[in-house]
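Because only heavy atoms are used, hydrogens play no part in the values below, and waters and symmetry mates are left out as well, while side chains stay in. Here the structure is a predicted model, which means the values were calculated and not measured. Residue numbering restarts at 1 for every chain, and letters A, B, ... go by the order of the sequence lines.
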There are 2 protein chains.
Amino acid sequence: MNSLNIENAEWKKFKHLFKQQDIPAKTILLNEGDIAKHVFYIKKGCLRIYFNHEGKDITFQFFFEGESVSSIESFRTNQPSLFTIESIEPCVIYSISKRNLQAITDTSPKIKEQIDQFTFERLVYYQKLFLSRIKNNPEKRYLELLENNPKIVLRVPQHYLASFLGITSVSLSRIRNRL
Amino acid sequence: MNSLNIENAEWKKFKHLFKQQDIPAKTILLNEGDIAKHVFYIKKGCLRIYFNHEGKDITFQFFFEGESVSSIESFRTNQPSLFTIESIEPCVIYSISKRNLQAITDTSPKIKEQIDQFTFERLVYYQKLFLSRIKNNPEKRYLELLENNPKIVLRVPQHYLASFLGITSVSLSRIRNRL
DNA sequence: AACATTTCTTTACAATTGTTATCGTCCGGG
DNA sequence: CCCGGACGATAACAATTGTAAAGAAATGTT
């Protein structure tokens, strides 16, 4: 899910079009309000995406090794991104420009197909997140996350996690305490 | 948004592949757990999609005239649908089978492109719903809905609306009373 | 090593929501 | 025309969450 594995044979042909970036923690790769012009692939480390709401940062997704990240709708529509992409840990990132990715999809229908599939999987992912919000209260969402994505719980600072779960870190503390 | 307008020139060529259905209120077009084999276009009326959670129906989207509906991920992946599609009012529906839609997309790259765009727009829609859940409390979500989609508020029974907003109908009553 | 910053926990209080139940209204079927 | 079910409003109480503040623990920096 949400993986666009660029480390297979089909992609290797285009490896020269990717630029490697070694970045420290808390580096911003895309700012909320800017137009996305790159797609990022995480070779090592983890990222979060968040937006500012009434002065507070709200984190709403995490990404790890082997996953690709972009403000997919900004990238595609040239509208300002709704969120910021930032590293949580020091990372090794492969980035590709829109122009170069376009060159690839024009050359390889197979890769275009992969990207459409990637887009589709994000649809399903957001649908599931949305359903999880509707179905469950914060405590259940936390337990669900523990079961389905323990690595997120283990690896990510707790206040980001709380934000992701839609609660305050105070409330998350209480939930953990109850269990 | 979420519109796949099948009433333009490109689609008219394939009109014979659609079947018209006149259905009363509370008719189920697709059952949760079944595999979606049709896409529905609403000529008249409105539909909701919902799933059962611990004995209760949870409504999570409404559709009106001019919109297309399917369990898009079930349709595409042949997995059981996560939700039921049901009419709220008496409706006139045009439905098309997967087989026939396949025939169309194989013939018309333009329509394939439209469907990919439709899929993409649903991605953005779910993302926005998800963000709305994160950002706003139920009262704000209600006000946001009033502003952005007043027709939903006016046209849909209140307990479906409450379910959609992620609250009980009791709580929605209170919110309306406060305003 | 010492200091500053960030992160996490805890407490007390206020506000919101859920639950359960009752009651009134509306609408459609018999 | 009456009756039953669906729908919406309201009340009382319990449970959960948010807010604000303070302090402890962990982390990073110089």
Option passing ring-ring contact (aromatic ring centres under 6.0 Å, His included) with B:Phe60 (candidates B:Phe164, B:Phe83, B:Tyr125):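 Result for ring-ring contact (aromatic ring centres under 6.0 Å, His included) with B:Phe60: B:Phe83.
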
Specify the separation, in whole Å, of atom [atom1] of [X] and atom [atom2] of [N].
| X | N | atom1 | atom2 | answer |
| --- | --- | --- | --- | --- |
| B:Arg178 | C:dA15 | CZ | P | 12 Å |
| B:Leu172 | C:dT17 | CG | C1' | 12 Å |
| A:Arg176 | C:dT9 | CZ | P | 6 Å |
| B:Asn177 | D:dT10 | CG | C1' | 9 Å |
| A:Glu139 | D:dT16 | CD | P | 7 Å |
| A:Glu86 | C:dT6 | CD | P | 13 Å |
| A:Ile88 | D:dT27 | CD1 | C1' | 16 Å |
| B:Lys26 | D:dA6 | NZ | C1' | 7 Å |

Which residue in the set B:Lys43, B:Arg155, B:Lys151 passes salt bridge (Lys or Arg N to Asp or Glu O under 4.0 Å) when paired with B:Glu65?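 Of the listed options, the one satisfying the test is B:Arg155.
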
Closest listed nucleotide, where the reference is the side chain of [X] and the choices are [options]:
| X | options | answer |
| --- | --- | --- |
| A:Ser171 | D:dG18, D:dA9, C:dT19 | D:dG18 |
| B:Val170 | C:dG18, C:dT11, D:dA11 | D:dA11 |
| A:Arg174 | C:dT20, C:dT17, D:dG18 | D:dG18 |

Taking the six-membered ring of [Y] (Phe, Tyr or Trp), confirm whether the NZ or CZ of [X] is under 6.0 Å from its centre and within 45° of its axis.
| X | Y | result |
| --- | --- | --- |
| B:Arg48 | B:Tyr160 | yes |
| B:Arg76 | A:Phe120 | yes |
| B:Lys98 | B:Phe75 | yes |

Between [X] and [N], is there a side-chain N or O to OP1/OP2 distance below 4.0 Å?
| X | N | value |
| --- | --- | --- |
| B:His159 | D:dG8 | yes |
| A:Thr168 | D:dG18 | yes |
| A:Gln158 | C:dT9 | yes |

For DNA chain D, whose closest nucleotide is more 5', that of B:Ser169 or that of A:Lys56?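 Counting from the 5' end, the first nearest nucleotide belongs to B:Ser169.
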
